[in-house]
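Small disclaimer: the values here were computed from a predicted structure and weren't measured. Numbered from 1 within each chain, the chains take letters A, B, ... in sequence-line order. Note that these values count all heavy atoms, side chains included, but never hydrogens, waters or copies made by symmetry.
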There are 2 protein chains.
Amino acid sequence: MSSTDDLQANARIRGAAMDLFGKQGIRATTVRQIAQAAGVSPGLVIHHFGSKDGLRRACDEWMMAQITATKTAAVSGGGAMEAVFRAQNQFRPFYGYIAASISEGGEGADRLFEAMRRLTRDMFDVGVPAGILREPSDIDAMSTVLVALTLGATMLEGQLARHLGGEHLLDPEVMPRYSITATELFTYGIFADDTMLRQIQAAFAKPPPDGL
Amino acid sequence: MSSTDDLQANARIRGAAMDLFGKQGIRATTVRQIAQAAGVSPGLVIHHFGSKDGLRRACDEWMMAQITATKTAAVSGGGAMEAVFRAQNQFRPFYGYIAASISEGGEGADRLFEAMRRLTRDMFDVGVPAGILREPSDIDAMSTVLVALTLGATMLEGQLARHLGGEHLLDPEVMPRYSITATELFTYGIFADDTMLRQIQAAFAKPPPDGL
DNA sequence: CAAGATATTGAACATGAGTTCAACCGATGA
DNA sequence: TCATCGGTTGAACTCATGTTCAATATCTTG
């Protein structure tokens with residue numbers, strides 16, 4: 001790294017890669033597309049990152065650095081309610097890339113999912129004593145399921161937004177409807193009582209049939 | 001189509017395609033892999049379906065036919081609780097393919113998502129009067145969100161299973177933990193009370209900040 | 001200023017994947 | 001029996017993509 005331009009080229013390439021990876025998927029994004037978006041030649045992309053996979057790894061590492069950098073600030077921040085909010089917003093700027101990275105597998109995917117799972121678990125550790133969150137019977141499983149559900153919904157952002165009357169989740173018409181509905185789901189559930197839950201618990205207690 | 005062998009070749013190719021598409025993703029699956037799995041030559045795949053995309057369309061249509069064929073039976077079946085169960089199980093055999101198809105976009109993805117959303121909505125129409133399901137304040141949004149969450153979790157089957165102590169969702173160690181946790185989530189939610197919900201509703205009622 | 005290193009390019013290469021095509025069965029029917 | 005037609009093959013073609021490489025520009029440094 002000699003002057004500022006070098007970093008800018010690196011950063012432009014990485015930024016273009018994260019953007020396109022997130023929007024189109026990693027496999028569907030070509031080195032030439034990234035190069036064009038960054039305003040450089042395809043050869044330079046390889047020169048700086050070794051390979052397309054190296055570029056992907058660089059994206060993973062850069063994002064993790066960004067996240068862990070803001071993580072400490074989030075945990076040390078204000079009240080527990082804010083902590084819950086921040087835990088969700090922590091990854092939001094990277095949701096597109098995370099979804100693509102995880103859905104296409106690979107090494108980085110595991111680390112990413114694990115990081116999100118741990119942060120969600122932290123959310124319970126803070127939110128339950130504060131009286132904001134119910135205590136799940138299996139907190140590890142609940143953290144995992146929550147991350148999978150949230151991430152999965154992000155992968156289906158387009159479908160979600162289309163059915164909620166917009167183009168993207170962040171559209172002012174879509175976001176309120178999604179937020180309120182998701183929060184309602186996470187507040188009251190969908191079942192009228194615990195009949196189904198007891199039924200499933202009983203079903204798995206003895207024989208192994210099929211469940212939700 | 002002259003004898004039964006012709007149909008068998010067609011069906012073998014389609015079956016191999018649905019299997020591989022679901023396991024590896026559509027783009028990641030090659031015509032040669034499908035041909036080998038079906039025990040035929042790559043040329044025959046194109047001969048029968050015109051192109052790889054034609055094969056994908058054929059998979060979509062065949063699956064939709066299968067689903068709509070069993071749909072009537074499910075709706076007309078026994079009690080409301082069973083109806084809820086069947087609504088979930090309806091698509092289960094095709095979850096892998098559906099997840100791949102939707103996550104990689106395309107025409108069929110929209111139809112698929114819409115079909116699942118409608119079936120989920122039907123589930124509410126049956127389950128709410130029967131006293132099994134809570135009535136959501138926005139039933140269309142809730143149906144959409146539920147489909148997105150469920151489908152998304154399926155896309156992340158590998159990650160889910162790994163964190164729950166197995167390889168696949170259907171593993172006898174994984175399935176109970178996932179089912180019980182998901183049902184617990186859908187029964188009690190995760191919030192201790194409706195503070196968060198009221199807060200979000202209020203936040204979106206007047207100014208447009210940022211939410212869940 | 002000189003020299004070496006680094007950034008950058010653009011063309012070329014190798015590989016893999018979708019597709020085409022001419023030839024080869026194998027059954028069906030006159 | 002023989003001709004015809006659809007199923008089937010496997011090799012070849014085309015194209016996109018990741019990657020390499022020699023050449024050039026730009027910058028740092030002694």
Side-chain angles (χ1 to χ4, degrees), chain A residues 1-60 62 97 100-101 103-108, chain B residues 1-60 62 97 100-101 103-108:
Chain A
M1 316 150 189
S2 46
S3 90
T4 57
D5 281 352
D6 306 335
L7 272 180
Q8 283 179 4
N10 254 311
R12 272 208 319 277
I13 293 172
R14 200 199 316 112
M18 291 216 59
D19 184 45
L20 290 173
F21 283 164
K23 282 181 184 165
Q24 311 179 347
I26 294 173
R27 199 187 182 99
T29 300
T30 73
V31 173
R32 285 171 175 81
Q33 285 176 332
I34 297 171
Q36 184 178 356
V40 299
S41 68
L44 191 62
V45 176
I46 303 297
H47 171 74
H48 275 305
F49 297 94
S51 66
K52 183 184 178 181
D53 198 64
L55 174 56
R56 186 211 162 147
R57 267 196 297 273
C59 287
D60 280 345
W62 178 78
Y97 174 77
S101 179
S103 79
E104 300 192 24
E107 314 170 14
Chain B
M1 317 154 184
S2 47
S3 89
T4 57
D5 282 351
D6 306 333
L7 272 181
Q8 283 180 4
N10 254 310
R12 272 209 318 277
I13 293 173
R14 199 199 317 115
M18 292 216 57
D19 185 46
L20 290 173
F21 283 163
K23 281 181 185 165
Q24 310 179 345
I26 294 173
R27 198 186 178 99
T29 300
T30 74
V31 173
R32 286 171 175 83
Q33 286 176 332
I34 297 171
Q36 184 178 358
V40 299
S41 68
L44 191 62
V45 176
I46 303 297
H47 172 75
H48 275 306
F49 297 95
S51 66
K52 183 183 178 181
D53 198 64
L55 174 55
R56 186 209 163 150
R57 268 196 296 273
C59 286
D60 280 345
W62 178 79
Y97 175 77
S101 180
S103 79
E104 300 192 24
E107 315 169 15

The criterion is side-chain hydrogen bond (donor to acceptor under 3.5 Å, both in side chains); which residues satisfy it with [X], sequence neighbours excluded?
| X | result |
| --- | --- |
| B:Gln36 | none |
| A:Ser101 | A:Arg56 |
| B:Arg32 | none |
| B:Gln33 | none |

Partner residues of B:Asp19 under the side chain to side chain contact (heavy atoms under 4.5 Å, CB included) criterion, sequence neighbours left out: B:Lys23
Going by side chain to side chain contact (heavy atoms under 4.5 Å, CB included), name the residues that satisfy it together with B:Ala58, two or more places apart in sequence or in a different chain. B:Phe49
Please confirm whether the shortest side-chain N or O distance from B:His47 to OP1 or OP2 of D:dT9 is below 4.0 Å. no
Could you state the [atom1]-[atom2] distance from [X] to [N], rounded to the nearest angstrom?
| X | N | atom1 | atom2 | answer |
| --- | --- | --- | --- | --- |
| A:Gln36 | C:dT9 | CD | P | 13 Å |
| A:Gln24 | D:dT17 | CD | C1' | 14 Å |
| A:Asp53 | D:dT17 | CG | C1' | 15 Å |
| A:Ile13 | D:dG18 | CD1 | C1' | 15 Å |
| A:Phe49 | D:dT19 | CZ | C1' | 16 Å |
| B:Leu55 | C:dA17 | CG | C1' | 15 Å |
| B:Ile46 | C:dG18 | CD1 | C1' | 6 Å |
| A:Arg12 | C:dT9 | CZ | C1' | 14 Å |

I need the full list of salt bridge (Lys or Arg N to Asp or Glu O under 4.0 Å) pairs touching residues 45-54 of chain B, with sequence neighbours left out, sorted by first then second residue. B:Asp53-B:Arg57
Kindly give the atom pairs (protein nitrogen or oxygen, nucleotide nitrogen or oxygen) under 3.5 Å for nucleotides 10-14 of chain C.
none

Kindly compute the distance separating CD1 (B:Ile13) from CG (B:Leu44), expressed to the nearest 0.5 Å. 4.5 Å
Angle separating the five-pair end axes of the helix from C:dC1-D:dG30 to C:dA30-D:dT1, nearest 10°, is 10°
Nucleotide of D:dG7, C:dT8, D:dT19 approaching A:Ser51 most closely (side-chain heavy atoms): D:dT19
Taking all non-hydrogen atoms of both residues into account, name the closest pair between B:Ile34 and B:Ala16 and its distance. O-CB, 3.9 Å
